[in-house]
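Predicted model, so just to flag it, every value in this text is computed and none were measured.
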Amino acid sequence: MPPAEPVPGDTAARPATPAWDGPPVPPPHAHAWPGGPVPGGGPVPPPTRSLARRLFPPVATLAGVAAAFAYVGTVDPNEPGHYPVCPLLRFTGVFCPGCGGLRSAHAFVHGDLPAALGANALAVIGYGLFGVLMVLWLIRAIRGVPMRLAVSPVWWWGIGAVLALFTLVRNLPFGSALAP
């Protein structure tokens with residue numbers, strides 16, 4: 001028997017729709033990344049953010065650190081009972097690299113740099129590095145350049161070695177000047 005001719009308006013004679021093959025594939029230009037190629041044109045400039053949106057992350061970070069320093073400057077860590085004792089110092093008698101950090105911050109806030117260095121010299125160096133990074137972050141945010149810190153593993157190992165050496169020396173008799 002020959003196949004029946006479709007009658008106009010008859011839906012029974014239509015061919016079956018193919019099975020679902022997954023999501024539709026968008027044209028190649030639909031997923032172009034900012035700055036990526038666009039058919040018929042050059043690179044797309046990245047969307048510009050307002051100055052306030054660019055400055056928010058560094059200013060919020062600076063505000064949080066300033067609040068922490070203000071608290072430590074107000075509540076004296078030299079008086080017992082205000083802050084918890086370092087567990088490593090309490091249970092072993094060994095000064096960790098952070099021991100004396102709160103006293104250092106308190107002295108630093110009050111402008112007593114010799115006392116801050118005496119409490120924890122490594123922390124004072126950290127305050128300076130933080131200040132430099134904050135200035136760089138703010139300048140880059142104003143210019144609209146993203147801040148990216150890519151620290152190689154060699155630097156992380158170096159930082160760990162400095163912390164370990166600082167901890168070792170401050171716990172030996174000849175390094176008592178570094179002890180808080």
Side-chain angles (χ1 to χ4, degrees), residues 33-36 45-180:
W33 292 95
T48 57
R49 294 174 37 193
S50 69
L51 181 62
R53 287 192 69 152
R54 291 191 317 257
L55 283 177
F56 180 75
V59 169
T61 302
L62 191 58
V65 171
F69 268 85
Y71 180 78
V72 172
T74 304
V75 180
D76 190 1
N78 295 308
E79 296 176 13
H82 291 292
Y83 298 99
V85 178
C86 173
L88 185 67
L89 179 62
R90 182 177 197 172
F91 295 120
T92 66
V94 174
F95 295 116
C96 75
C99 280
L102 287 174
R103 286 176 286 208
S104 174
H106 180 77
F108 190 80
V109 167
H110 288 279
D112 190 359
L113 192 58
L117 286 167
N120 192 326
L122 201 57
V124 175
I125 293 169
Y127 308 151
L129 288 174
F130 176 79
V132 168
L133 283 175
M134 284 306 304
V135 168
L136 288 174
W137 194 5
L138 286 167
I139 290 171
R140 291 176 72 94
I142 290 169
R143 291 182 178 170
V145 179
M147 180 73 167
R148 291 188 177 93
L149 285 178
V151 182
S152 71
V154 172
W155 279 98
W156 285 117
W157 282 103
I159 292 168
V162 167
L163 289 172
L165 186 64
F166 179 71
T167 302
L168 179 68
V169 169
R170 77 189 313 204
N171 284 291
L172 294 174
F174 66 86
S176 62
L178 295 175

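With sequence neighbours left out, the side-chain contact (heavy atoms from CB on, under 4.5 Å) criterion links Thr74 to no other residue. Every residue was checked against the side chain to side chain donor-acceptor pair (under 3.5 Å) condition with His110, not counting sequence neighbours, and none meets it. Not a single side chain to side chain donor-acceptor pair (under 3.5 Å) links Asp112 to another residue, sequence neighbours left out. Listed by chain and residue number, nothing satisfies the side-chain contact (heavy atoms from CB on, under 4.5 Å) test with Ser176 (two or more places apart in sequence, or in another chain).
Between His106 and Val72 the shortest heavy-atom distance is ND1-O, 2.9 Å.
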Table please: side-chain donor-acceptor pairs of residues 121-144 below 3.5 Å, with sequence neighbours left out.
residue: Tyr127; atom: OH; partner: Gly101; partner atom: O; Å: 3.3
residue: Tyr127; atom: OH; partner: Ser104; partner atom: OG; Å: 3.4
residue: Tyr127; atom: OH; partner: Ala105; partner atom: N; Å: 3.1
residue: Arg140; atom: NE; partner: Pro146; partner atom: O; Å: 3.3
residue: Arg140; atom: NH2; partner: Pro146; partner atom: O; Å: 3.0

Could you go through residues 83-100 and list every donor-acceptor pair under 3.5 Å that involves a side-chain atom there, pairing it with any protein atom two or more places apart or in another chain?
residue: Tyr83; atom: OH; partner: Val75; partner atom: O; Å: 2.9
residue: Thr92; atom: OG1; partner: Leu88; partner atom: O; Å: 2.4
residue: Thr92; atom: OG1; partner: Val94; partner atom: N; Å: 3.2

Side-chain atoms of residues 156-165: list all donor-acceptor pairs with protein atoms under 3.5 Å, sequence neighbours left out, distances to 0.1 Å.
none

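The distance from the NE2 atom of His82 to the CG atom of Asp76 is 7.0 Å, given to the nearest 0.5 Å.
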